[in-house]
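Below: the structure, in structure tokens.
Position 1 is the first residue of the sequence; numbering continues from there. What you see below is based on every heavy atom in this structure, not just the backbone, and it leaves out hydrogens, waters and symmetry mates.
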Amino acid sequence: MSRDQEHKVITGGCLCGGVRRDDRSAAAVRLTGKSVREASEYLAGRDRDLARILDLHGPPPLWARPPGFTALVRIILEQQVSLGSARATLRRLQDGVRPFTPERFLELGAARLRAMGVTRQKAGYCLGLAGAIREGGLDLGGMARMEDTKASEALTRVKGIGPWTAGIYLLTALRRPDVWPSGDLALVRTVRRIKRLRGEPSTDRMNEIAESWRPYRAVAARMLWQHYLAGFRGPISRAGMGRVR
């Protein structure tokens with residue numbers, strides 16, 4: 001039995017709120033709370049370590065963000081810092097930048113962004129993103145119709161947006177089901193623990209491990225983040241969610 005056939009047996013051929021895989025392109029599929037729960041059960045049936053996580057914590061949260069400029073600014077702010085620190089900086093920006101648009105960012109410039117707590121480097125990244133959107137080099141609305149690889153390529157053409165930032169955007173804002181941000185520090189540490197590895201796995205090793213989690217690697221990532229945030233509680237024995245760009 002093929003993986004797709006096996007999944008159809010488990011879920012009745014449904015994916016993402018009851019939409020069959022054959023009915024929409026992969027780019028159109030968006031995870032929902034229901035499909036995250038279904039995919040978690042599917043993954044637990046394929047991987048005993050994910051099954052233990054599901055038993056411990058239940059299905060993971062959807063962790064969805066509205067797509068658009070604000071979501072990408074937030075992810076840029078999350079590069080190499082704690083989520084709490086990034087949230088605090090974002091709040092200052094949202095209080096001081098009104099309306100919160102690419103045009104307003106460009107009007108204010110780097111000095112004003114830095115005065116609100118944004119580092120010199122990240123201020124440059126945010127302004128580069130704002131410029132790409134205003135000049136038409138990055139069409140965030142049209143990205144919803146792109147398949148994962150093309151969407152990631154479009155994002156990473158912007159300075160300051162690398163594979164991790166693009167992956168987190170596709171995973172949380174576009175809610176793609178099979179995005180795998182393999183360089184994410186929390187994922188690396190959690191995979192090391194649940195797979196009982198001697199050291200932190202390389203990107204290649206992370207990708208190899210995640211192959212069996214297709215076509216729901218983004219749901220596997222949510223399960224691993226959930227376990228990471230819970231402090232590795234439970235009988236899976238074995239040691240900031242964020243990565244530059």
OG1 of Thr101 to CG of Leu106: how many Å apart, nearest 0.5 Å? 8.5 Å
salt_bridge(Arg92, Asp95) N-O dist < 4.0 Å: no
Spacing of CG belonging to Leu113 relative to CG belonging to Leu93, to within rounding of 0.5 Å: 6.5 Å
In terms of ring plane angle, is the pair Phe100 and Phe69 parallel, tilted or perpendicular, where the classes change at 30° and 60°? tilted
Might you point out which heavy atoms bring Gln226 and Pro60 nearest each other, and give the distance in Å? NE2-CA, 3.5 Å
Ring geometry between Trp213 and Trp180 (parallel below 30°, tilted from 30 to 60°, perpendicular above 60°): perpendicular
Looking at Arg157 and Glu153, is there a salt bridge between them, counting it only when a charged N and a carboxylate O are closer than 4.0 Å? no
Which heavy atom of Pro99 sits nearest a heavy atom of Arg104, and at what distance? O-CB, 3.1 Å
To the nearest 0.5 Å, what is the distance between CD1 on Ile168 and CG on Leu174? 12.0 Å
May I ask you to test the Thr89-Val81 pair for a side-chain heavy-atom distance under 4.5 Å? no
Check whether any side-chain heavy atom of Leu187 sits under 4.5 Å from a side-chain heavy atom of Pro181, and report yes or no. yes
Backbone of Ser212 reached by a side-chain donor or acceptor of Arg46 within 3.5 Å: yes
Which value, rounded to the nearest 0.5 Å, describes the distance between Leu90 atom CG and Leu83 atom CG? 12.0 Å
Check whether any side-chain N or O of Arg176 sits under 3.5 Å from a backbone N or O of Arg30 as a donor-acceptor pair, and report yes or no. no
Output, in order, the C-alpha distance, side-chain angles, deciding distance and verdict of side chain to side chain contact (heavy atoms under 4.5 Å, CB included) for Asp49 and Arg196. CA-CA 10 Å; Asp49 296 315; Arg196 305 156 183 84; 3.1 Å; yes
Quick one, Tyr125 and Ile161 - any side-chain contact, counting heavy atoms below 4.5 Å? no
Would you please say whether a donor-acceptor pair under 3.5 Å links the side chains of Ser35 and Thr32? yes
Check step by step if side-chain hydrogen bond (donor to acceptor under 3.5 Å, both in side chains) holds for Tyr42 and Glu38. CA-CA 6 Å; Tyr42 170 70; Glu38 291 177 347; over 6 Å; no
Counting C-beta onward and ignoring hydrogens, is there a side-chain heavy-atom pair between Leu224 and Ile194 closer than 4.5 Å? yes
I'd like to know if Glu78 and Arg65 make a salt bridge, using a cut-off of under 4.0 Å between side-chain N and carboxylate O. yes
Closest non-hydrogen atom pair between Arg222 and Pro61, with its separation: CD-O, 3.5 Å
Does Lys195 reach the side chain of Asp47, with side-chain heavy atoms less than 4.5 Å apart? yes
State the CG-CZ distance between Leu197 and Arg189, to the nearest 0.5 angstrom. 14.5 Å
Non-hydrogen side-chain atoms of Asp148 and Leu170 separated by less than 4.5 Å: yes
Testing the basics here: between Phe105 and Leu127, what is the closest heavy-atom pair and its distance to 0.1 Å? O-CD2, 3.3 Å
Does any N or O in the side chain of Lys122 come within less than 3.5 Å of the main-chain N or O of Gln79, such that one atom is a donor and the other an acceptor? yes
Validation row: Thr70, Gln94 side chains within 4.5 angstrom (heavy atoms): yes
With side chain to side chain contact (heavy atoms under 4.5 Å, CB included) as the test, would you mind laying out the steps for Arg205 and Ile209 before giving the verdict? CA-CA 6 Å; Arg205 181 65 174 133; Ile209 290 169; 3.6 Å; yes
Between Ala132 and Val158, the two heavy atoms sitting closest are CB-CG2, 4.0 Å
How far apart are the C-alpha atoms of Tyr169 and Val179, what are their side-chain angles, what is the distance that settles it, and do they pass the side chain to side chain contact (heavy atoms under 4.5 Å, CB included) test? CA-CA 10 Å; Tyr169 184 79; Val179 175; over 6 Å; no
Looking only at heavy atoms, which two atoms of Arg214 and Asp178 are closest? And how far apart? NH1-OD2, 3.1 Å
Decide side chain to side chain contact (heavy atoms under 4.5 Å, CB included) for Leu31 and Leu62; before the verdict, give the C-alpha distance in whole Å, the side-chain angles of both, and the deciding distance to 0.1 Å. CA-CA 8 Å; Leu31 286 170; Leu62 182 59; 4.0 Å; yes
Evaluate Ser40 against Arg37 for side-chain hydrogen bond (donor to acceptor under 3.5 Å, both in side chains), listing each step before the verdict. CA-CA 5 Å; Ser40 299; Arg37 292 190 296 272; over 6 Å; no
When rounded to the nearest 0.5 angstrom, what is the spacing between CG in Leu138 and CG in Leu129? 6.5 Å
